[in-house]
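The structure under discussion appears below in the form of structure tokens.
Throughout, protein chains are lettered first and strands after them, A, B, ... in sequence-line order, and every chain is numbered starting at 1. Because only heavy atoms are used, hydrogens play no part in the values below, and waters and symmetry mates are left out as well, while side chains stay in.
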Protein chains: 2
Amino acid sequence: MFDCQPSSLGDRRVTLEHLRAFVLLAEGKGFQQAGLQLYRSQSAVTQSLKRLEDILGCKLLERRQGHIMGLTADGERFLPAANEILTRTSEAVSAMKQPEIAGRLLIGVPDDFKVVDLHDAISRCAELNRNLRLEVVSALSSQLLYQIDNSGLDLVILKCLEDFVPSDKRWRSHLLRREPLHWVAAQRHVFESMSEVPLVIFPDGCCYRSAALLALDRNGKHGYGAYVSASYENIRAAVSAGLGIGVLPASALANAHIILGKQEGFPELPMVELVMIQATDKYATKQLADFLSHSATMNPRNVNEYSDHNVSAESPSAGILG
Amino acid sequence: MFDCQPSSLGDRRVTLEHLRAFVLLAEGKGFQQAGLQLYRSQSAVTQSLKRLEDILGCKLLERRQGHIMGLTADGERFLPAANEILTRTSEAVSAMKQPEIAGRLLIGVPDDFKVVDLHDAISRCAELNRNLRLEVVSALSSQLLYQIDNSGLDLVILKCLEDFVPSDKRWRSHLLRREPLHWVAAQRHVFESMSEVPLVIFPDGCCYRSAALLALDRNGKHGYGAYVSASYENIRAAVSAGLGIGVLPASALANAHIILGKQEGFPELPMVELVMIQATDKYATKQLADFLSHSATMNPRNVNEYSDHNVSAESPSAGILG
DNA sequence: ATTCATAATCAGTTAGGCTGATTTTGAACG
DNA sequence: CGTTCAAAATCAGCCTAACTGATTATGAAT
């Protein structure tokens, strides 16, 4: 009965399952869908979240009864922590399931990609394997590929277009993430009406850039770099400021951005992929690859968080404003 | 049946209760004792740990069947992660139980105390309360006390002797930690045989220092600073190197250190306390104080970790001292 | 209004985990 | 060596938290 002793162990009533339910629900797919992923009934998910809310003493989900819902302010506050806890647990457990990773490994990561999550995952891996020495090299995706043979990289993570995924038979590669590429801008533009397209774009060698130029070419249009930067922050800011039309993957959109699609006459862009390549066949390389590919950090769910509060991007929270 | 789907949610079989059992057991108090703290039977704890070990696929505890036991290498690897997960969960949950902390608070922390844990807790608090702006000021404990009135500090954490705990009625204070102070050295020394005592000690203003000098005084001995430093690292190293006799709290001992007690004729030292004082009566100050005092980081269990592997500090290795 | 899609509710069932008793183990004695 | 002791492992039965399935409630869309 007195379940709530103030022991240093925290409130023992919350379980990881509660957090999982919440995190899944926070994606806004609904109770039914969440239940499917948890191998539980819709009813169970409902009760689970209710229990969690009871324990925390606050509502987490905004439910305008009936259809869809968004997160409450409290929910928004709790979500990052819940994700963090689940990620750490998942990583710690899977790290224990295999022998300790030891040795020295060289990792190549793209410097034109949002890599903070990646860095977190790498550092947690090092924490769980104290005898593992990791060295990270950062370069443009296009260059990393060439460096594999020269620089003795063990594991390489790079982004590329679905049309051109490097598939050397010597290497094992894993698809970490896959998402659509979009034309984005601050306001609506009509493709046909533009003679030249002012692009807000990454430097030469970036595959987003080549995809964009190729697509324009095919449609007999000419694009020019109105704003070029290797930093996501800058690119997003430039697009928001209306300096031109950007080319960004779904996860990198700021909420001020508008997607230019068929209606505006823009050609379709290919999917982009984040690929991990095992360049050496050391056992430790394989282990590290396993760790990273299983890491929840690589999960698209954790991707869509930016500096600006990207609250419930797809729920009708607009209602609050109007 | 197929409980182990490789979903991004991790292995759903592990529960926080498993981790709690493990963490408690890792302290080496035994299954019975752990059960008591968990309000469970010894049998339940045994089964819980067994299940965890089954799931992880490795043994965590070294059990020389019958009596006491230590951690296996795997257990050693898992413990920090388990602690981290429990700490974060506990903090996140208790943070949600109260309204968000907002505002700007000034915290004073002692710079002559091992404060990394404290810093971690503070930064996690800031993460859970994005509208809270925390500013940390570091100073000697003795100085912090005087600064309360001048510097507008909201919350002050300082160490002091049990004999002199500042207890102004205007302030609410919490005891965070309490532990014995010891004379320590690299080898055995006999108190009586020393004319002057070479001390490895913190600078003037440190309460360990005053406690030591007072104790020597009462016994008609004279001490001098053979090595003075404000850094714990330096102090420990100097003691290990045999430069003199140190005065350290239990949690700050390196494992090469020997405690000099009654047998050697050394006088008893007072207990030292880590005290937190609410200097302003803002609501946010109270909330922050609650957060920090409930934080598992403040738990003595998490304290005893130093650079050198301080494995099983109080298991039968105590025999070394006696 | 009707339909549809979804979430909430409720009662009955189930299974995971707990308890309490018992057995096993190893250490400490004489 | 056998005895005693303390602590962990094992086991069978039980209990409760949580799940299921059916039903109801709700709001949006037509």
Side-chain angles (χ1 to χ4, degrees), chain A residues 1-4 11-22 24-55 59-72 75 312 314-320 322, chain B residues 1-4 11-22 24-55 59-72 75 312 314-316 319:
Chain A
M1 286 295 109
F2 288 144
D3 235 348
C4 191
D11 192 320
R12 291 173 49 197
R13 296 172 301 172
V14 282
T15 71
L16 293 172
E17 285 297 282
H18 290 148
L19 301 187
R20 288 188 191 101
F22 169 60
L24 248 13
L25 287 169
E27 293 175 42
K29 314 273 197 207
F31 287 70
Q32 185 80 40
Q33 188 64 20
L36 240 50
Q37 293 198 49
L38 290 167
Y39 299 94
R40 292 284 120 88
S41 66
Q42 168 260 316
S43 168
V45 179
T46 301
Q47 291 172 69
S48 194
L49 189 81
K50 184 170 153 47
R51 185 95 223 287
L52 179 58
E53 289 180 325
D54 284 351
I55 297 171
K59 291 291 172 201
L60 295 172
L61 294 187
E62 200 74 66
R63 46 259 264 196
R64 354 186 180 297
Q65 320 266 30
H67 216 224
I68 326 168
M69 67 292 145
L71 289 172
T72 63
S312 57
E314 56 208 321
S315 80
S317 69
I320 300 171
Chain B
M1 286 297 110
F2 289 144
D3 235 349
C4 193
D11 192 320
R12 290 173 49 197
R13 296 171 300 173
V14 282
T15 72
L16 293 172
E17 284 298 283
H18 289 148
L19 300 187
R20 284 189 260 267
F22 169 60
L24 248 14
L25 287 170
E27 292 174 42
K29 314 273 199 210
F31 286 69
Q32 185 81 39
Q33 186 65 19
L36 241 49
Q37 293 198 47
L38 290 167
Y39 299 95
R40 294 283 119 89
S41 66
Q42 167 259 318
S43 169
V45 179
T46 301
Q47 292 172 69
S48 194
L49 190 82
K50 183 171 153 49
R51 177 113 180 85
L52 179 58
E53 288 180 326
D54 283 350
I55 296 171
K59 291 291 171 202
L60 296 172
L61 295 187
E62 200 72 67
R63 44 259 263 197
R64 359 186 180 293
Q65 320 265 31
H67 218 224
I68 327 169
M69 68 290 143
L71 290 171
T72 62
S312 60
E314 58 209 320
S315 63

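Following rounding to the nearest Å, A/Leu16 (CG) and D/dA18 (P) show an atom-to-atom distance of 13 Å. Separating the NZ atom of A/Lys50 from the P atom of D/dA18 is a distance of 13 Å, rounded to the nearest angstrom. Atoms CD (A/Gln47) and P (D/dG21) sit 13 Å apart, rounded to a whole Å. Atom P of nucleotide D/dA9 and atom CD of B/Glu62 are separated by 12 Å, given to the nearest angstrom. C/dA7 atom P lies 12 Å from atom CG of A/Leu36, rounded to whole Å. The distance between atom CZ of A/Arg13 and atom C1' of D/dT16, rounded to the nearest whole Å, is 16 Å. C/dT6 atom P lies 14 Å from atom CG of A/Leu25, rounded to whole Å. Regarding B/His18, its NE2 atom lies at a distance of 9 Å from the C1' atom of C/dG17, rounded to whole Å.
Nearest nucleotide to the side chain of B/Arg40, out of C/dC18, C/dA8, C/dG20: C/dC18. The side chain of B/Arg63 lies closest to D/dA9, out of D/dA9, C/dG17, C/dT19. Nearest nucleotide to the B/Gln32 side chain, out of C/dC10, D/dC11, D/dA8: D/dA8. Which of C/dT9, C/dA8, D/dC11 sits closest to the side chain of A/Gln42 comes down to C/dA8. The A/Phe31 side chain lies nearest to C/dA8 when the options are D/dC11, C/dA8, C/dC10.
Both B/Ser43 and A/Val45 lie near DNA chain D, and the one whose nearest nucleotide falls closer to the 5' end is B/Ser43.
No N or O donor and acceptor, one from the side chain of A/Ser48 and one from the base of D/dC19, sit under 3.5 Å apart. In the interface, the side chain of A/Ser41 is not paired with the base of D/dG21 through any donor and acceptor atom under 3.5 Å apart.
Here A/Thr46 reaches the OP1 or OP2 of C/dA8: one of its side-chain N or O atoms lies under 4.0 Å away.
The backbone N or O of A/Arg13 sits nowhere less than 3.5 Å from a side-chain atom of A/Arg51 that would complete a donor-acceptor pair. Checked by atom type and distance alone, the side chain of A/Gln32 never pairs as donor or acceptor with a backbone atom of A/Gln42 at under 3.5 Å.
Looking at A/Leu60 and A/Leu71, their side chains never come closer than 4.5 Å, going by heavy atoms from C-beta outward. Side-chain contact between A/Glu53 and A/Thr72 is absent, with no heavy-atom pair separated by less than 4.5 Å.
Here NE2 of B/His18 is found 10.0 Å from CD of B/Gln47. Values are rounded to the nearest 0.5 Å.
As judged by a 4.0 angstrom heavy-atom cut-off over every strand, B/Glu17 is placed among residues making no nucleic acid contact.
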